[in-house]
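Data block below; observations after.
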Amino acid sequence: MKNLLVALSLIVSIATLNAQNGLTNQLVWTGGEFSQEPFFGLSSMNDGLHYSNLEDSDAMGSKIVKYSYETGQEVAVIATSVDIFGSADMTIEGYQFSADEKQILIQTE
C-alpha cells in the first residue's frame, strides 16, 4: 500500500510540474512541437557503413552525397548535376544504384 501511495504522489507531482511548465498532452501529440523534420532520399549502401542522400547545392545543382552512419559526416560527393549534365540548371530528381553500386540510374524531368 505504501508503494502505491508513493507512485500516486509521484504521478501527481509530475503532472503538476508539466502543467506549470506548459507541457500538455495536446502539445506533445497534436501540436507538432516535438515532431521530427522529414528526411527523404536516404539510401543505405551495400557495405552497411554508409548511406547516400540526394541534396540541393547552389553551385552544383543537385548532388548525391555519401555519408558515414557512424559519424553522420559527409564521406564523398558521388555525382552532381554538373558532372552528369554539364550544367547546374538540370536537377537530379531521383537515383538508384545497380546491385554492385558501380552504376547509377538517374531520374530527371
How would you list, by chain and number, every residue that makes a side-chain contact (heavy atoms from CB on, under 4.5 Å) with [X], sequence neighbours excluded?
X	value
Ser87	Asp89
Asn46	Glu101
Met90	Phe85, Thr108, Glu109
Ile78	Met45, Ser52, Ile64, Lys66, Phe97, Ile104

Counting C-beta onward and ignoring hydrogens, is there a side-chain heavy-atom pair between His50 and Val75 closer than 4.5 Å? yes

Nearest 0.5 Å, what's the CD1-CD distance between Ile106 and Gln96? 10.5 Å

About how many Å separate CD1 of Ile84 and OG of Ser62, when rounded to the nearest 0.5 Å? 7.5 Å

Judged by modelled atom types alone, do Tyr51 and Ser68 share a side-chain donor-acceptor pair under 3.5 Å? no

Indicate whether any N or O donor in one side chain lies under 3.5 Å from an N or O acceptor in the other, for Ser81 and Thr91. no

Hey, any chance Tyr69 and Val65 share a hydrophobic cluster, counting ILVMFWY side chains that come within less than 4.5 Å of each other, even indirectly? yes

Tell me every residue that passes side chain to side chain donor-acceptor pair (under 3.5 Å) with Asp56, counting only those two or more places apart in sequence or in another chain. none

Quick one: side chain to side chain donor-acceptor pair (under 3.5 Å) partners of Glu55, sequence neighbours excluded? Tyr67

For a quick test of reading the model, state the closest non-hydrogen atom pair linking Tyr95 to Ser43 and the distance between them. OH-CB, 3.6 Å

